[in-house]
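Structure, as structure tokens:
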Amino acid sequence: MSEEKSLHFIEEIVEQDLQSGKYKSIITRFPPEPNGYLHIGHSKSICLNFGLAAKYGGSTNLRFDDTNPVTEDTEYVESIKADIRWLGFDWSNELYASDYFDQLYAFAVSLIQQGLAYVDDSTSEEIAQLKGTPTEPGKNSAYRDRSMTENLQLFEEMKSGKYKDGEKVLRAKIDMAHTNMLMRDPIIYRIKHAHHHRTGDKWCIYPMYDFAHGQSDSIEKITHSICTLEFIPHRELYDWFIEKLSIFPSHQYEFARLNMTYTVMSKRKLLQLVNEGHVTGWDDPRMPTISGFRRKGYTPASIRTFCDKIGVAKRENLIDLSLLEFCLREDLNHTAKRAMAVLDPLKMVITNYETGKTEELTSENGPDASMGTRTIPFSKELWIEQEDFMEVPAKKWFRLAPGAMVRLKSAYIVQCDHFIKNEQGQVVEVHCTYIPESKSGSDTSGINVKGTIHWVSAAHATTAEIRLYDRLFRVENPSSEEGDFKEYINPDSLQIISKAYIEPSLSQATLEDRFQFLRKGYFCLDTDSTKNHLIFNRTVTLKDAWSKEVKKG
RNA sequence: UGGGUUAUGGUGUAACGGCAGCACUACAGAUUUUGAUUCUGUCUGUCUAGGUUCGAAUCCUAGUAACCCAACCA
């Protein structure tokens, strides 16, 4: 099966490298900066890096790119590790760029000794000024030709804390007229008197990304360093440092990052949503974070399948959210236990059913017989869904209406005799008669009905809060719209049903359980839930052909 | 006025000079004690213009469009 599927370009590169004998086995890495929570876009990279190593018999390191102490925190380190594990992956080594600070410092000294780096006293404004623009070459800094000994001494002084933040930087000496802006004497070390989450106050100078990432790859003998497209211009610098330092030649390859409809994917924007209270936190079920999807009830398998289906290429993309939902439903359909819950209750009284009588009816837990059955209490008064009754039935309506018959799932066929309205004209009660011979499993009535609806026995029901989520944004691509992306937030992304009626068995639900509430979607317990106050999240709706029919008119 | 990357149905992704395939979406139908699932079918595509070739999505030439690059962020 897997042989039929064609390889993506990175797999082709790996196979070539293996076949040519360039490498005996491969080593990849997943290199997050611990300054935020992982999102669905990261899972593409995780599945790629870990998947490659698994497929071709290599290993994958988890390396935290923690070279900027002011934005990073151990809170993020912990959440990142939990999210990767939840997705189903395990790393060979847990490493940190900060582990290499001594080595990186030595690399910088080596560059200075080779005359390939210098200390610059210019302000950041001056440096920006002299850098030029993409269409105009830059100019050399006045400090560019300092002697090697002076540079060595100055850099040593930077390290020892003699200078304040921003007073000096160390730059690679390359070419201020280079067409690649990153090659115009990039800053490789800056002064930051800041506390680092791991190295504490040992350092007051920190390497820039470009002076840490490639070298870290090299130290770990990473064979294939895979990153996203925006790092393409960095590759030239990446290779330059490796060459000048004469270290293990890791290679960088770039693929297009994941974009998905109706959401945003940049850490900056996600941070804004959290900080400005548009969502309740990083793990809000509306967030595209891994922890958000987890809380909402997504399964790790569905996300892995999704990442597999979207492919790996270099073209900008905007993936339909519906593909993720398809992968989710496909998984949940096979694994979720079926149960009944009424979200918008309407009282049904079965007038010819004995008052006070309770029957224990049997219902299947899922499509697969191995999932077993459970019993559900049935009695004279039930809750059904308000939307399952229409006083004046629409065309092709086969649920309840005056005179109409429906099957109560796993129970009896009932016929609607009349209904009661309140003063506001709302239907508040429907009265039905049931057909005793139509009992589910032993139906001898000979009656065929088109509609089957779910229900809960009023006397036996438990209540629960239910949270219904919708897309966070009203438009497909909030980032490409005019103005601020937050203007496009969907005001109705969360609907709370404070009192829904659920079948009794649901009171035993655990956080790990996945349910399909019949005809209403997939649900799971929320982490806010308590024994006395059950809270269910809707993971995703079921596909709904009827609502489409309604829209058509 | 620079450099880099990418262009295949509505979306994503295959094709490695030889029948444009697959999946999602949409639509139609069958089955259904979930208007779900399952099954069957349908619509829709090679950025443009030239050229090479028996034959071009693929090779060549010239355009066009989108994205990225001027943080002491990663």
Side-chain angles (χ1 to χ4, degrees), chain A residues 4-8 12 31-33 35 65-68 70-72 97 120 123-124 127-129 131-138 165-171 178-182 184 186-192 205-206 208-210 212-213 227-236 254 256 261 267-268 309-327 329-330 333-334 338 340 363-364 367 396-399 406-411 413 438 440-441 443 448-454 476 516-521 541-549:
Chain A
E4 288 170 25
K5 203 183 166 192
S6 52
L7 303 175
H8 60 66
E12 278 182 3
E33 183 189 11
N35 68 346
D65 234 335
D66 55 351
T67 57
N68 186 0
V70 302
T71 56
E72 297 154 7
D120 195 327
T123 64
S124 63
I127 288 175
Q129 192 67 38
K131 195 150 204 171
T133 68
T135 54
E136 293 166 70
D165 288 10
E167 245 183 278
K168 286 182 165 46
V169 291
L170 183 71
R171 304 178 70 177
H178 206 288
T179 52
N180 182 349
M181 297 292 289
L182 281 155
R184 320 242 264 227
I187 292 168
I188 59 179
Y189 261 95
R190 76 290 213 191
I191 300 169
K192 274 180 194 278
I205 56 171
Y206 291 92
M208 296 287 288
Y209 164 85
D210 286 303
H213 200 98
C227 60
T228 47
L229 254 29
E230 64 269 28
F231 289 94
I232 289 177
H234 293 255
R235 187 174 61 224
E236 196 170 10
E254 311 87 8
T261 54
K267 257 187 209 172
R268 199 195 96 243
K309 281 186 192 289
I310 58 177
V312 178
K314 299 185 81 134
R315 171 177 8 164
E316 290 293 330
N317 58 76
L318 183 63
I319 313 262
D320 255 314
L321 175 62
S322 58
L323 180 61
L324 212 209
E325 295 186 335
F326 167 80
C327 297
R329 291 188 183 108
E330 191 180 45
N333 179 43
H334 294 294
R338 310 294 132 127
M340 293 199 281
S363 190
E364 68 279 9
K396 295 195 207 165
W397 176 260
F398 30 89
R399 304 179 195 173
V406 293
R407 156 83 58 188
L408 296 172
K409 173 69 184 174
S410 297
I413 292 173
S438 66
S440 188
D443 185 349
N448 273 315
V449 291
K450 250 193 140 186
T452 300
I453 64 172
H454 62 280
E476 281 207 335
Q516 184 196 103
F517 290 176
L518 245 51
R519 308 205 301 136
K520 298 307 308 180
T541 60
L542 257 29
K543 279 179 76 175
D544 186 359
W546 173 247
S547 70
K548 282 177 190 165
E549 192 68 35

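Computed from a predicted structure; not experimentally measured. Naming: A, B, ... by sequence-line order, numbering from 1 per chain. Note: hydrogens, waters and symmetry copies are ignored here, and every other heavy atom, side chains too, is used.
Taking atom P in both U58(B) and G17(B), the straight-line distance is 12 Å, to the nearest Å. A gap of 26 Å separates the P atoms of U48(B) and A23(B), to the nearest Å. Comparing A7(B) with A57(B), their P atoms sit 16 Å apart, to the nearest whole Å. A gap of 39 Å separates the P atoms of U61(B) and C24(B), to the nearest Å. Comparing the same atom, C1', in U8(B) and in C22(B) gives a spacing of 13 Å after rounding to whole Å. Look at the C1' atom in both C39(B) and U52(B): the space between them is 48 Å, to the nearest Å. Using P as the reference atom, U40(B) and G50(B) are 43 Å apart when rounded to the nearest Å. Nucleotides C73(B) and C59(B) have their P atoms positioned 42 Å apart, rounded to a whole Å.
Side chain Arg519(A) to base G35(B): no donor-acceptor pair is found below 3.5 Å. For A36(B), the base has no donor-acceptor partner in the side chain of His454(A) [N/O atoms by modelled type, under 3.5 angstrom]. Counting atom types as modelled, Ser410(A) pairs no side-chain N or O with a base atom of U33(B) as donor and acceptor under 3.5 Å.
Rounded to whole Å, atom P of C24(B) lies 18 Å from atom CD of Glu476(A). Between the P atom of A74(B) and the CG atom of Asp210(A) lies a distance of 8 Å, rounded to the nearest Å. In this structure, His213(A) places its NE2 atom 9 Å from C1' of A74(B), rounding to the nearest Å. Taking atom CD1 of residue Ile187(A) and atom P of nucleotide C72(B), one finds them 4 Å apart after rounding to whole Å. Taking atom OH of residue Tyr206(A) and atom C1' of nucleotide A71(B), one finds them 18 Å apart after rounding to whole Å. Put simply, CD1 on Ile191(A) is 14 Å from P on C72(B), counting in whole angstrom units. Atom CD in Glu325(A) sits roughly 12 Å away from atom C1' in C24(B) (whole-Å rounding). Rounded to an integer number of Å, the gap from Gln129(A) CD to A71(B) P is 11 Å.
Of the possible donor and acceptor atoms, none in the side chain of Arg190(A) sits under 3.5 Å from a partner among the backbone N and O of Lys168(A).
Here U25(B) is the nucleotide among G35(B), C72(B), U25(B) with the atom lying nearest to any side-chain atom of Ser322(A). Of the candidate nucleotides G35(B), U33(B), C73(B), G35(B) has the atom nearest to the side chain of Trp546(A). Of the candidates G35(B), A70(B), A74(B), G35(B) carries the atom nearest the Arg399(A) side chain, counting heavy atoms from C-beta on. Ranking U33(B), A74(B), A26(B) by closeness to the Lys548(A) side chain, first place goes to A26(B).
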Short heteroatom pairs, N/O only, protein and nucleotides 10-17 of chain B, under 3.5 Å:
{"residue": "G10(B)", "atom": "N2", "partner": "Asp320(A)", "partner atom": "OD2", "Å": "3.4"}
{"residue": "U11(B)", "atom": "O3'", "partner": "Leu318(A)", "partner atom": "O", "Å": "3.2"}
{"residue": "U11(B)", "atom": "O2'", "partner": "Leu318(A)", "partner atom": "O", "Å": "3.1"}
{"residue": "G12(B)", "atom": "OP1", "partner": "Leu318(A)", "partner atom": "N", "Å": "3.1"}
{"residue": "G12(B)", "atom": "O2'", "partner": "Ile310(A)", "partner atom": "O", "Å": "2.9"}
{"residue": "U13(B)", "atom": "OP2", "partner": "Arg315(A)", "partner atom": "NE", "Å": "3.3"}
{"residue": "A14(B)", "atom": "O3'", "partner": "Ser6(A)", "partner atom": "OG", "Å": "3.4"}
{"residue": "A14(B)", "atom": "O2'", "partner": "Ser6(A)", "partner atom": "OG", "Å": "3.2"}
{"residue": "C16(B)", "atom": "N4", "partner": "Glu12(A)", "partner atom": "OE2", "Å": "2.3"}

Below 3.5 Å between N/O atoms, which protein atoms pair up with nucleotides 37-39 of chain B? Just atom names and distances, please.
{"residue": "U37(B)", "atom": "O2'", "partner": "Asn333(A)", "partner atom": "ND2", "Å": "2.9"}

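Residue Lys131(A) places no side-chain N or O under 4.0 Å from the OP1 or OP2 atom of C69(B). Side-chain N/O atoms of Lys192(A) include one lying less than 4.0 angstrom from OP1 or OP2 on C73(B).
With sequence neighbours left out, Ile232(A) forms a side chain to side chain contact (heavy atoms under 4.5 Å, CB included) with Leu229(A), Glu254(A). In this structure Arg338(A) satisfies the salt bridge (Lys or Arg N to Asp or Glu O under 4.0 Å) test with no other residue, sequence neighbours excluded. Applying the side chain to side chain contact (heavy atoms under 4.5 Å, CB included) rule to Thr452(A) yields the partners Arg407(A), Lys409(A); only residues at least two apart in sequence or on another chain are considered. Glu330(A) meets the side-chain hydrogen bond (donor to acceptor under 3.5 Å, both in side chains) test with no other residue; sequence neighbours excluded. Thr135(A) is linked by a side chain to side chain contact (heavy atoms under 4.5 Å, CB included) to Thr133(A), counting only residues two or more places apart in sequence or in another chain. Residues meeting the salt bridge (Lys or Arg N to Asp or Glu O under 4.0 Å) test with Lys267(A), sequence neighbours left out: none. Every residue two or more places apart in sequence or in another chain that forms a salt bridge (Lys or Arg N to Asp or Glu O under 4.0 Å) with Arg171(A) is listed here: Asp120(A). Scored by the salt bridge (Lys or Arg N to Asp or Glu O under 4.0 Å) test, Glu549(A) finds Lys396(A), Lys552(A) as partners (sequence neighbours excluded). Contacts of Thr67(A) classified as side-chain hydrogen bond (donor to acceptor under 3.5 Å, both in side chains), with partners at least two apart in sequence or in another chain: none.
A66(B): glycosidic angle beyond 90° from 0, hence anti.
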Bracket notation of RNA chain B in which parentheses pair within the strand, [ ] cross earlier pairs, and | pairs with another strand (Watson-Crick or G-U, under 3.5 Å): .((((((..((((....[..)))).(((((.......)))))....(((((..]....))))))))))).....
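For the pair Thr179(A) and Thr452(A), nearest-nucleotide mapping onto RNA chain B gives the more 5' position to Thr179(A).
Ring-plane geometry between Phe231(A) and Tyr209(A) is classed as tilted, the angle between the planes lying from 30 to 60 degrees on a 0 to 90 degree scale.
Heavy atoms of Gln516(A) sit under 4.0 angstrom from at least one base atom.
The shortest side-chain heavy-atom distance between His213(A) and Pro31(A) falls under the 4.5 Å cut-off.
With no hydrogens or angles considered, no side-chain donor-acceptor pair links Asn35(A) and Glu72(A) at under 3.5 Å.
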